[in-house]
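Take a look at the structure set out below.
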Amino acid sequence: MDIDKIYSLIAVKITDWLEALIMLLPNIAMAAVVFAIGFFIAKFVRKITRKLIAKISNNLTLNNLFSTIVYFTFIGIVLFTVLTILNLDKAVTSILAGAGILGLALAFAFQDIAANFMSGIFISFRKPLKVGDIVQIKDYMGKVIMINLRDTVLETFQGKTVIIPNKEVFQNPIENYTILQKRRFDLSVGVSYGDDLEKVRDITLNAVSDIVELSKEDEVTVIFVEFGDSSVNLSIRMWINTPEQSVYNKVGSEAIIKIKKAYDANDIMIPFPIRTLDFGIKGGVSLSEIPVHITNEKE
């Protein structure tokens, strides 16, 4: 092996590299300047973006998220500009192609996460509910204790913690009981067909009129809704001055006690279910025609 020849090839290669480096020095210097300036501009843009978003959104997590996205987007632009200055166009193209393929793969792999994430962003802007609200979402009713970008956390009135993905929150109806700051309690009861219905209505209204938690702006109404099998059924509709579930339950309990006492005091009957057997219908016989056998048993 000719050592001098190997040495000569290595020397030529190093010389070529040094010449290429020297020729690239102006571009390297320019790229360094562009990167440094771009880095400081990106930080400034993130700060300005955070202030602008704060004017339309009070969600700190969402504000930080958007400002961070803007920051990294700007940093990405700066990096691609630096690579272009260094005549690494092919590297830029390869990176963009790889990023596109990777992004497509990630979109398929994490589509549910992305859907929940985007739904969380829309919820943060539209604000159909907030922490502390009493809501019903699908089959779950309770108080909102946390709203994240991925999910919403409810505490039910049975003491359970329910974590609902934001996609389910955004795509389903939300019953928000807190917006009006009041709730209506509908109580159904039946009275005998023999009772005076106008008297029943007056006694019912008077029985619940002194419940403290009832709204002063909304009247209690008594509506007769149907002729039932054993009773005339009515609905007592009472507005409560708070959406809290504990007060809601308390008002319902008090109303039942007061109405029962008032009906007992005025001889108004809440009938049990009754079944009438008619033996005289077509094809049958009357009750008087049915033979009755009485047997005496001796012990």
Please tell me if the side chains of [X] and [Y] come closer than 4.5 Å, counting only heavy atoms from C-beta onward.
{"X": "K199", "Y": "N266", "answer": "yes"}
{"X": "L214", "Y": "V220", "answer": "yes"}
{"X": "I223", "Y": "L234", "answer": "no"}
{"X": "F170", "Y": "R126", "answer": "yes"}
{"X": "V153", "Y": "V144", "answer": "no"}
{"X": "F74", "Y": "V78", "answer": "yes"}
{"X": "W239", "Y": "E217", "answer": "no"}
{"X": "V135", "Y": "E175", "answer": "no"}

Can [X] and [Y] be counted as having a side-chain donor-acceptor contact under 3.5 angstrom?
{"X": "S246", "Y": "E244", "result": "no"}
{"X": "T204", "Y": "Y263", "result": "yes"}
{"X": "N166", "Y": "T152", "result": "yes"}

Members other than I179 in its cluster, when Ile, Leu, Val, Met, Phe, Trp, Tyr link by side-chain heavy atoms under 4.5 Å? none

Give the intermediate values and the outcome of salt bridge (charged side-chain N to carboxylate O under 4.0 Å, His left out) for residues D218 and K182. CA-CA 10 Å; D218 303 280; K182 59 183 179 181; 2.9 Å; yes

Quick one: do [X] and [Y] end up in the same hydrophobic cluster if we chain Ile, Leu, Val, Met, Phe, Trp and Tyr together by side-chain heavy atoms under 4.5 Å apart?
{"X": "V247", "Y": "I134", "value": "no"}
{"X": "I174", "Y": "M141", "value": "no"}
{"X": "I211", "Y": "I257", "value": "no"}

Between [X] (side chain only) and [Y] (backbone N and O only), is there a donor and an acceptor less than 3.5 Å apart?
{"X": "N206", "Y": "D202", "value": "no"}
{"X": "S253", "Y": "N249", "value": "no"}
{"X": "S192", "Y": "G194", "value": "yes"}

Kindly check if the number of other-residue, nucleotide or ligand heavy atoms within 6.0 Å of CZ (F157) is above 12? yes

State whether the number of non-hydrogen atoms from other residues, nucleotides or ligands found under 6.0 Å of E226 atom CD is greater than 12. yes

Determine whether E155 and K160 satisfy the following criterion, salt bridge (charged side-chain N to carboxylate O under 4.0 Å, His left out), listing intermediate values before the conclusion. CA-CA 6 Å; E155 183 178 322; K160 300 177 182 178; over 6 Å; no

Please step through side chain to side chain contact (heavy atoms under 4.5 Å, CB included) for the pair R237 and D186, ending with a clear verdict. CA-CA 5 Å; R237 301 175 181 179; D186 292 356; 3.5 Å; yes

Mind running side chain to side chain contact (heavy atoms under 4.5 Å, CB included) on N241 and R183 for me, showing each step along the way? CA-CA 7 Å; N241 56 19; R183 290 176 68 180; over 6 Å; no

Could you walk me through whether T221 and I236 pass the side chain to side chain contact (heavy atoms under 4.5 Å, CB included) check? CA-CA 6 Å; T221 57; I236 304 102; over 6 Å; no

Set of residues satisfying side-chain hydrogen bond (donor to acceptor under 3.5 Å, both in side chains) with respect to D139, sequence neighbours excluded: none

